[in-house]
Protein chains: 2
Amino acid sequence: MYTLVQAATQLRQQIDQFTPLSDDEWARLVPHLTIVTLQKQQTFARQGITADRIGLVLDGALRQFYTKDGDERTTYFFFEHQLTGAYMSCVTGRPSPVTIEALTPTTCVSFPYAVFHDLLETYPGWQRFGRLLAEYLMVALEERMASLLLLSPEERYLSLLEGPYKDLLQRVPQHYIASYLGITPVSMSRIRNRIRPR
Amino acid sequence: MYTLVQAATQLRQQIDQFTPLSDDEWARLVPHLTIVTLQKQQTFARQGITADRIGLVLDGALRQFYTKDGDERTTYFFFEHQLTGAYMSCVTGRPSPVTIEALTPTTCVSFPYAVFHDLLETYPGWQRFGRLLAEYLMVALEERMASLLLLSPEERYLSLLEGPYKDLLQRVPQHYIASYLGITPVSMSRIRNRIRPR
DNA sequence: TGCATTCCTTATCTTTTGTTATCGTTTTGG
DNA sequence: CCAAAACGATAACAAAAGATAAGGAATGCA
């Protein structure tokens with residue numbers, strides 16, 4: 001469905017949105033790219049295992065979750081054109097606290113973090129990309145943290161409806177969204193009922 | 001109390017813990033260092049204003065908070081040897097959503113973010129530091145986010161007691177900690193009573 | 001020292017969320 | 001095509017947190 005060349009082009013486009021790489025810098029990564037195909041419920045990264053690769057979603061949807069006392073708490077979703085991977089585990093070298101699992105059949109283009117890390121330490125363009133990526137993830141996490149700390153469950157649901165992720169509701173089962181909002185499916189159902197008067 | 005030389009030494013030590021800078025790279029920052037002295041309740045960064053500088057706490061304590069509907073929600077504390085500043089605002093160039101305020105009389109060594117940013121873009125050592133710093137902040141935010149999403153208020157309080165920040169309880173008023181945990185002071189008082197049986 | 005303020009606890013009451021269970025509906029897999 | 005599983009809504013009850021108020025201890029300031 002995707003040739004490696006097409007996938008590589010997609011990936012470079014995403015990276016170039018952070019910072020343009022020289023052709024030479026880019027060429028250092030290309031030999032390490034592979035296409036990863038995941039069936040539903042197959043994992044890109046797994047809790048307890050140190051993550052060793054990064055990917056870009058070409059098609060499909062992934063879900064990231066922690067497991068606590070047997071049940072799962074969703075922390076993120078990844079869709080087309082999004083970089084994915086247990087980046088925190090890659091960066092720290094510690095076992096991943098999260099699992100990343102396919103919600104639907106999903107295709108990614110992927111590369112080993114070790115290669116990426118070598119590129120960061122060797123090429124200025126890659127180093128700059130590494131900084132901008134970390135800054136980008138940092139900002140996203142800060143916003144997520146703030147929403148959990150500042151907003152009530154109902155406010156979080158509403159801000160999801162109004163924000164750039166509103167199509168989430170159409171794309172993923174509601175109980176995953178409830179878990180993403182830090183509440184139970186029952187509670188979210190009540191909220192939906194509450195804010196839909198009449 | 002602190003000479004600029006002493007302050008600069010402290011700062012370099014902290015930075016070197018991320019990545020060692022060459023003497024030349026370091027020398028580019030030194031002329032821009034200033035000592036900032038804050039009385040209690042004076043601010044290092046203010047909500048609504050785009051932050052323009054970073055600092056290192058030499059002595060004292062700072063508190064970072066959002067304001068929502070008139071009341072404050074604490075998101076972080078900064079003590080001696082910690083880098084501080086509304087980093088997200090600096091990075092994005094957007095007005096800061098947070099205020100950083102002195103809990104006690106506080107001394108920092110500080111430098112403009114603009115200078116720092118130029119150094120990042122110019123010197124490999126600084127660029128690497130910028131990446132490592134962003135990664136470090138990212139990891140801290142992920143842990144904080146996870147604790148808010150996964151743990152109950154009581155579990156958050158307990159994990160604070162057991163974690164590396166346990167001296168927080170001795171150093172800052174409890175209602176700030178309650179706000180840091182995302183609960184009201186009354187609720188935290190109840191939790192304290194609950195977990196102290198007998 | 002005295003007075004006001006801040007801080008923490010406790011009590012009461014209300015609101016919200018969690019828990020558990022039930023019931024249609026939809027989706028999935030054999 | 002049918003049985004099983006997954007999904008979402010809803011109800012009833014329990015548990016927890018928010019809101020408000022009051023009281024006492026500690027703190028700061030004059």
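In this text the structure is predicted, and so the values were computed from the model without any measurement.
- Atom CD1 in B/Ile177 sits roughly 12 Å away from atom C1' in C/dC8 (whole-Å rounding).
- Under a cutoff of 6.0 Å and an axis angle of 45°, B/Arg53 and B/Phe44 form a cation-pi pair.
- Side chain to side chain, B/Arg192 and B/Tyr157 meet the donor-acceptor criterion of an N or O pair below 3.5 Å.
- Distances from the side chain of B/Ile183 to the nucleotides D/dA9, D/dG18, C/dT17 place D/dG18 closest.
- Put simply, B/Ser187 has a side-chain N or O that comes within less than 4.0 Å of OP1 or OP2 on D/dG18.
- B/Arg63 has a carboxylate O that lies under 4.0 Å from a charged side-chain N of B/Glu72, or vice versa, which qualifies the two as a salt bridge.
- Each of B/Ile191 and B/Val186 was matched to the nucleotide of DNA chain D holding its nearest heavy atom; the match closer to the 5' end belongs to B/Ile191.
- The shortest distance between the side-chain N/O atoms of B/Gln174 and the OP1/OP2 oxygens of C/dT6 is not below 4.0 Å.
- B/Asn193 has its CG atom 12 Å from the C1' atom of C/dA11, to the nearest Å.
- Ion pairing between A/Glu142 and B/Arg94 fails under the 4.0 Å rule for side-chain N and carboxylate O.
- In this structure, CD of B/Gln170 is placed 12 Å from P of C/dC8, rounded to the nearest angstrom.
- As a whole-Å value, the separation of B/Met188 CE from C/dT10 C1' is 15 Å.
- On a pure distance criterion of 3.5 Å, a polar donor-acceptor pair joins the side chain of B/Arg190 and the base of D/dG18.
- Of the candidate nucleotides D/dG8, C/dT10, C/dC7, D/dG8 has the atom lying nearest to any side-chain atom of A/Pro173.
- Rounding to whole angstrom units, CZ of residue B/Arg156 and C1' of D/dA16 are separated by 12 Å.
- Summarising the geometry, the separation between CG on B/Leu181 and C1' on D/dA16 is reported as 15 Å, rounded to the nearest angstrom.
- As judged by a 4.0 angstrom heavy-atom cut-off over every strand, A/Pro185 is placed among residues making no nucleic acid contact.
- A close approach under 4.0 Å does not occur between any side-chain nitrogen or oxygen of A/His175 and OP1 or OP2 of D/dA6.
- Salt bridge absent: B/Asp167 and B/Arg171 never bring a charged side-chain N and a carboxylate O closer than 4.0 Å.
- Listed pair A/Thr184 / C/dT17 fails the phosphate criterion, with no side-chain N or O lying under 4.0 Å from OP1 or OP2.
- Comparing B/Val172 and A/Lys40 against DNA chain C, the residue whose closest nucleotide sits nearer the 5' end is B/Val172.
- For the pair B/Ile195 CD1 and D/dA17 P, the interatomic distance rounds to 12 Å; values are reported in whole Å.
- Distance CD (B/Glu154) to C1' (D/dG18): 17 Å, rounded to an integer number of Å.
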